[in-house]
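Reviewing the structure listed below.
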Amino acid sequence: MSAAARALRYLEVVLAAARLQITGMRGSPFPILLGVVQPAAYLVITMHGRALTPEAATTDMLGTAMMTLWGSTIWSAGGILRRERAQGTMPQLIRSWCDARVVLFGKCLGAVAVSGTAISVTTTVMMLALGTPVHVDRPLLFVALAVLAALSTVGLAMLLGSLFILTRAAVRISEALMYPVVLAGGLLIPLTLMPSWLRWPSWFISLHWAQVLTSECALGRSVQPGQVAALAALGVLYAAAGVAVFGRAVDLGRRRGTLEFF
């Protein structure tokens, strides 16, 4: 099989896995809770009854979007491999003709697409309902940056999903990670209000750069190429780490004969 034919076959697998994940999420309450209820509640709490400048409203809206996208990534995409294991399909996934990591990428893509779409629609509707519509000066660039942010989040989802199958305490780890990342990334509280020695972790959080870039673009300010590169590089780094961790988990499962329940 030629390289082009193999790439096309893998693309078909990615799209099929994404469709399967989207279909599987239809009957779950998590997309509604995390993609609709949670961002709506945050926006009502932070904006209702306040006279906000367009800059503050834009920053708050995008911070809420990134914060809830992070929560959705932990609970939806982060649990993909745990569900494969619980349903007994992990061994078949690993032994299939296609690399299991390609399937994982497709499922993470589907999960992020569902969460991102729900969050985008909810935040837009809520901003209109609260009387604080946000005007985006450069919509095409804004959409491109939002897509880049989503792809970076797919890499993050792969890393979380691969890490969480290594431990039975995955749910507890998810709970422990939720708000520290929100705070460290400046998604809830602006980094300018935090001590300087607490700001550096944000450099390694892709959603921080996603919020900064989309906010700057929406407000008509110049977008720094270095920040775009940081967002893209972190997504690639997350995905590479997820691939390595997944490979390690599979290797351990094969050595111990625990592929059915590792």
Would you kindly confirm whether [X] and [Y] end up in one hydrophobic cluster when ILVMFWY residues are joined by side chain heavy atoms under 4.5 Å apart?
X      : Y      : value
Trp203 : Ile189 : yes
Ile32  : Phe30  : no
Leu141 : Leu231 : yes
Val243 : Val236 : no
Val37  : Met66  : no

Sub-4.5 Å side-chain heavy-atom contact between [X] and [Y]:
X      : Y      : result
Phe142 : Leu62  : yes
Met67  : Tyr42  : yes
Val228 : Gln224 : no
Ser115 : Leu34  : no
Thr64  : Met61  : no
Trp70  : Leu156 : yes
Cys217 : Asp137 : no
Pro190 : Leu193 : yes

On a heavy-atom basis, which atom in [X] and which in [Y] lie closest, and how many Å separate them?
X      : Y      : answer
Val102 : Tyr10  : CG1-O, 3.9 Å
Met194 : Leu183 : SD-O, 3.5 Å
Leu213 : Leu145 : O-CD1, 3.7 Å
Cys108 : Ile80  : N-CD1, 3.7 Å
Phe164 : Leu177 : CZ-CD1, 4.4 Å
Ile22  : Gly110 : CG1-O, 3.7 Å

Quick check for you: to the nearest 0.5 Å, what is the distance between [X] atom [atom1] and [Y] atom [atom2]?
X      : Y      : atom1 : atom2 : result
Leu207 : Thr73  : CG    : OG1   : 6.5 Å
Leu20  : Met25  : CG    : CE    : 12.0 Å
Lys107 : Leu81  : NZ    : CG    : 8.5 Å
Leu130 : Thr123 : CG    : OG1   : 11.0 Å
Leu104 : Gln21  : CG    : CD    : 10.0 Å
Thr58  : Glu55  : OG1   : CD    : 8.0 Å

Step-by-step side-chain contact (heavy atoms from CB on, under 4.5 Å) determination, Asp60 to Leu43: CA-CA 8 Å; Asp60 284 359; Leu43 287 174; 5.5 Å; no
Is there a donor-acceptor pair under 3.5 Å between the side chain of Ser162 and the backbone N or O of Leu159?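 Checking the backbone N and O of Leu159 against the side chain of Ser162, no donor-acceptor pair under 3.5 Å is found.
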Side chain of Ser202, backbone of Gly185: donor and acceptor closer than 3.5 Å? no
Quick one: do Trp75 and Glu175 satisfy side-chain contact (heavy atoms from CB on, under 4.5 Å)? Show the steps, please. CA-CA 9 Å; Trp75 294 112; Glu175 295 170 349; 3.8 Å; yes
Taking it one step at a time, do Met158 and Phe105 satisfy side-chain contact (heavy atoms from CB on, under 4.5 Å)? CA-CA 7 Å; Met158 292 182 66; Phe105 175 81; 3.6 Å; yes
For Ser76 and Val114, what are the C-alpha separation, side-chain angles and deciding distance, and is it a side-chain contact (heavy atoms from CB on, under 4.5 Å)? CA-CA 10 Å; Ser76 298; Val114 170; over 6 Å; no
